[in-house]
Every structure is written in structure tokens, then in C-alpha cells.
Amino acid sequence: MASPLPSSLHRLSLLSKPSPPQNHRLLVTPTRPELSRFECRAGQTGFFTRLGRLIKEKAKSDVEKLFSGFSKTRDNLAVIDELLLYWNLADTDRVLDELEEALLVSDFGPKITIKIVESLREDIVAGKLKSGSEIKEALKKSVLDLLTTKGSKTELQLGYRKPAVVMIVGVNGGGKTTSLGKLAYRLKKEGAKVLMAAGDTFRAAACDQLEIWAERTGCEIVVAEKEKAKAASVISQAVKRGKEQGYDIVLCDTSGRLHTNYSLMEELIACKKAVSKVIPGAPNEILQVLDGTTGLNMLPQAREFNEIVGITGLILTKLDGSARGGCVVSVVNELGIPVKFVGVGEGVEDLQPFDAEAFVNAIFS
């Protein structure tokens, strides 16, 4: 049996429209007035371009939230300031050894750490860096260059036609469904008409959780009516409804799975194919949610998911509770996949659009 609906959700009347298949239902949450800085709809020219720009501008205005979210990583790296405060040329080897250790502890990874430290060493020996402050600025520039060279497309790439389709994937416990809800909140706040698809058909609580997020954000949601419904079927129905009823964006939740469970990973391929049958070229984005507290252990997960479905962007969660923020740089450098959002708190607005410069300033204050 399906879970009972929240009292504030009600069935959509489809008197003049084709009824959905019996094993799915569309829930409609009460609409509430939104205060948006820029009201827009996908029918307007360049809607998704403007939406992406607005989200990016929001990231720049929320620098303080990002700054506080990386406090533990920043504390780990604070030793660098102490090392460089009284730096002199004779202490170069000792200082760089301790700087290397600080980067490794913060999960920058051995490859990146060695690359950064050796680059600094060469510039110091060549006389290009002559003070502690110059060394720190060179360090920050090295990290920023790594992020912008291999992960430059941090904005959502939503195409030019509606609805844009975004699939959210990842392992169990990473914060996948919560991230989808927070993303829906941000998109809805900027004027987008959002439909959710409860494609996590393996975990009963996931549907209930997403229904609560639909109610909180004022978004509609398509859920499975029957138990053991196929995820691809639910997602396909949601995308069809999004296309028929003029939604701007369809956000598709999927079942959490270990990257080593190949039968479940194959289901993701089926979900992706189901979307592309309704809208050729979709999904526009496949975002993988990674738990920031796992640090470099997230890399095997990301590699496997990328090989199976082709990840277009990453959402790194729980970074506010981790001192391993260097993993952001590692995952971008290793995989060449841009980070789109970072989770820096429990609040509904704490899923922050990723801005490389703001991130570097946050960890190297």
C-alpha cells in the first residue's frame, strides 16, 4: 500500500486531461506567493540562461554562508598562516614540508598536494616569491586554477527548451533526496515552475520525504501508486506530465545504490533512457550527490557512476561538518567534473551554488 498523503496535499483534478496510469499519481501542493527578484517562465527567451545567472549571483551574495560552512577546513589550514608569517628563504624546505602535511590532512590528495608544493618550491628558488604573503597568494591561485581549468561549468546547464530534466543520483545516505528538495526550493524561489519525480521506489521513506519537500517548497510531485513500481516508469510519467503541462524543470529522484551493485546501476541507465524517449537529448543534467565527510573515499563512487550514466555535475554535502574540504579540489582535478552545489548546513537555503573563488577564499582566509 502507498503511504497516506499529507493532509495539505490533494489529488489533481484531470477532468479535461488524459488520466495518468493507475500506478502513478500527481500530487499538488497548495500554491503560495513567492517573492522572487526576477519572475520568469521558460516561454521567455533565454529563461534558463537568466535562471543560471541568478543562481550564480546568489552564490556571490551568500559568501558569508559559504565562509562559515568551511570553518573546520579553514581551521585545519590556519597553520599555513603561522608558517608563512615569519618565513625566510633558509626555512623553505621545513615550511613546505609542513604546508604539504596541512594540505594532505584536509584531503587535497597526494597528487594535487605534490603538484602545488613543487610549483611553489620552483617559484621560490627562481626568486618569483619573496615573502610569506606572496607564497600564500600563489597557493590560492594554484588551487583556483585547478578548479577553474577542469571544472569551469559550475552553472546548471539546462538547455533551451522546457522542461529541462535533472536527475539526482548517488549512494544511500549521502543526502540525495534532501539535496533535491533544497534545489527545488532554490529554483522555485527564482521563478521556475518545478515538478518532482519520486523515482526512489526502493526506499519507502524516500517518497514520504520527497512529498514533505514538495509541500515545503510548493512544488508538485509525481509518485508511484503501487509498491514495486519501476523507477523508470515513474520518471517517464513525470517527464511526460512536465512536457504536457508546461513545467520549466523536472527534478528526478532515484534510488540510492552502492556503486558496486551493478544490477541497480543498470536501473539508472533505464531511467536515463526513459527520459530521452520522452525528450530527445534529456536529461540536461545528471547530478551526483557525494558525502563530503567521506573525503577522498568519494572518488571511486564518482568514477563508477560517471562510467555508467555520465555525470555532468556534483553536489557535495555535509561539508560544514567536515575538515576535509580539500576533497572538492581533488574530485574536480581527478574526474574533470564540475561541482555545481555544496551543502554547508541543515537549513533549506544551505545548498549553495559553488563558486570557485569564494571557496578558495573561504578555506584560505
Side-chain angles (χ1 to χ4, degrees), residues 52 56 59 66 70 73 103-116 119 141-158 166-176 179-180 183 252 254 256-262 264-266 268-269 271-272 283-319 322 324-344 351-360 362-363:
K56 198 71 176 173
L66 192 70
F70 283 99
T73 300
L103 294 176
L104 288 171
V105 168
S106 297
D107 261 11
F108 275 80
K111 289 183 181 178
I112 294 175
T113 298
I114 292 171
K115 182 177 181 179
I116 290 172
S119 176
K141 184 178 184 302
S142 294
V143 174
L144 184 60
D145 287 347
L146 285 168
L147 289 170
T148 53
T149 300
K150 290 195 173 183
S152 57
K153 294 183 178 180
T154 57
E155 316 84 27
L156 286 175
Q157 306 294 308
L158 299 176
V166 179
M167 281 177 59
I168 309 293
V169 303
V171 302
N172 290 310
K176 183 170 48 60
S179 295
L180 187 151
L183 179 58
C252 305
T254 59
R257 64 209 66 218
L258 289 173
H259 55 287
T260 53
N261 189 325
Y262 294 106
L264 287 179
M265 292 293 279
E266 286 176 359
L268 287 182
I269 299 174
C271 291
K272 184 178 179 181
N284 304 79
E285 291 270 20
I286 301 178
L287 303 181
Q288 183 177 2
V289 177
L290 295 170
D291 183 344
T293 63
T294 64
L296 293 175
N297 293 326
M298 67 174 65
L299 287 173
Q301 297 174 24
R303 286 194 190 98
E304 289 292 337
F305 274 87
N306 189 40
E307 288 178 9
I308 296 295
V309 290
I311 302 300
T312 60
L314 302 170
I315 299 175
L316 302 186
T317 62
K318 308 178 187 179
L319 287 169
S322 171
R324 307 166 82 176
C327 65
V328 174
V329 187
S330 297
V331 74
V332 171
N333 183 71
E334 289 278 334
L335 303 175
I337 301 172
V339 176
K340 305 275 183 171
F341 294 90
V342 290
V344 292
L351 184 70
Q352 292 292 302
F354 182 71
D355 181 90
E357 186 174 357
F359 166 76
V360 171
I363 63 173

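Below, all heavy atoms of this structure are taken into account, side chains as well, without hydrogens, waters or symmetry copies. Everything numeric in this text was worked out from a predicted model, so none of it was measured.
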[X] and [Y]: which non-hydrogen atoms are nearest, and at how many Å?
{"X": "Lys318", "Y": "Gly174", "answer": "CE-O, 4.0 Å"}
{"X": "Leu296", "Y": "Gly109", "answer": "CD1-CA, 3.7 Å"}
{"X": "Leu147", "Y": "Val329", "answer": "CD2-CA, 3.9 Å"}
{"X": "Gln157", "Y": "Glu155", "answer": "NE2-O, 3.1 Å"}
{"X": "Thr317", "Y": "Ser179", "answer": "CG2-OG, 3.4 Å"}
{"X": "Gly292", "Y": "Arg324", "answer": "O-CB, 4.5 Å"}

Distance check, rounded to the nearest 0.5 Å: [X] atom [atom1] versus [Y] atom [atom2]?
{"X": "Leu103", "Y": "Ile363", "atom1": "CG", "atom2": "CD1", "result": "8.5 Å"}
{"X": "Ile315", "Y": "Asp291", "atom1": "CD1", "atom2": "CG", "result": "13.0 Å"}
{"X": "Leu290", "Y": "Lys176", "atom1": "CG", "atom2": "NZ", "result": "12.5 Å"}
{"X": "Asn306", "Y": "Thr312", "atom1": "CG", "atom2": "OG1", "result": "9.5 Å"}
{"X": "Phe341", "Y": "Leu314", "atom1": "CZ", "atom2": "CG", "result": "12.0 Å"}
{"X": "Asp145", "Y": "Ile116", "atom1": "CG", "atom2": "CD1", "result": "10.0 Å"}

Do [X] and [Y] make a side-chain contact, defined as non-hydrogen atoms from C-beta onward lying under 4.5 Å apart?
{"X": "Phe305", "Y": "Val171", "result": "yes"}
{"X": "Val169", "Y": "Ile311", "result": "yes"}
{"X": "Ser330", "Y": "Asp107", "result": "no"}
{"X": "Ile337", "Y": "Gln288", "result": "no"}
{"X": "Phe108", "Y": "Val143", "result": "yes"}
{"X": "Leu319", "Y": "Cys327", "result": "yes"}

Test side chain to side chain contact (heavy atoms under 4.5 Å, CB included) applied to Thr254 and Ile168, step by step = CA-CA 6 Å; Thr254 59; Ile168 309 293; 5.5 Å; no
Considering residues at least two apart in sequence or located in another chain, which fulfil the side chain to side chain donor-acceptor pair (under 3.5 Å) criterion with Glu334?
->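 So Glu334 forms a side chain to side chain donor-acceptor pair (under 3.5 Å) with Arg303.
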In terms of the angle between their ring planes, are Phe359 and Phe70 parallel, tilted or perpendicular, with boundaries placed at 30° and 60°?
->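 Judged by the thresholds at 30° and 60°, the geometry between Phe359 and Phe70 is perpendicular.
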[X] side-chain N/O to [Y] backbone N/O, donor-acceptor pair under 3.5 Å:
{"X": "Lys150", "Y": "Val332", "answer": "no"}
{"X": "Lys340", "Y": "Pro353", "answer": "no"}
{"X": "Ser106", "Y": "Gly325", "answer": "no"}

Does the pair Val166 and Leu158 meet the rule for a side chain to side chain contact (heavy atoms under 4.5 Å, CB included), with working shown?
-> CA-CA 8 Å; Val166 179; Leu158 299 176; 3.9 Å; yes
Go through the steps for Leu287 and Leu156 under the test side chain to side chain contact (heavy atoms under 4.5 Å, CB included), then give the verdict.
-> CA-CA 10 Å; Leu287 303 181; Leu156 286 175; 4.0 Å; yes
Chi angles and distances behind the side chain to side chain contact (heavy atoms under 4.5 Å, CB included) call for Leu146, Lys115 | CA-CA 10 Å; Leu146 285 168; Lys115 182 177 181 179; 3.8 Å; yes
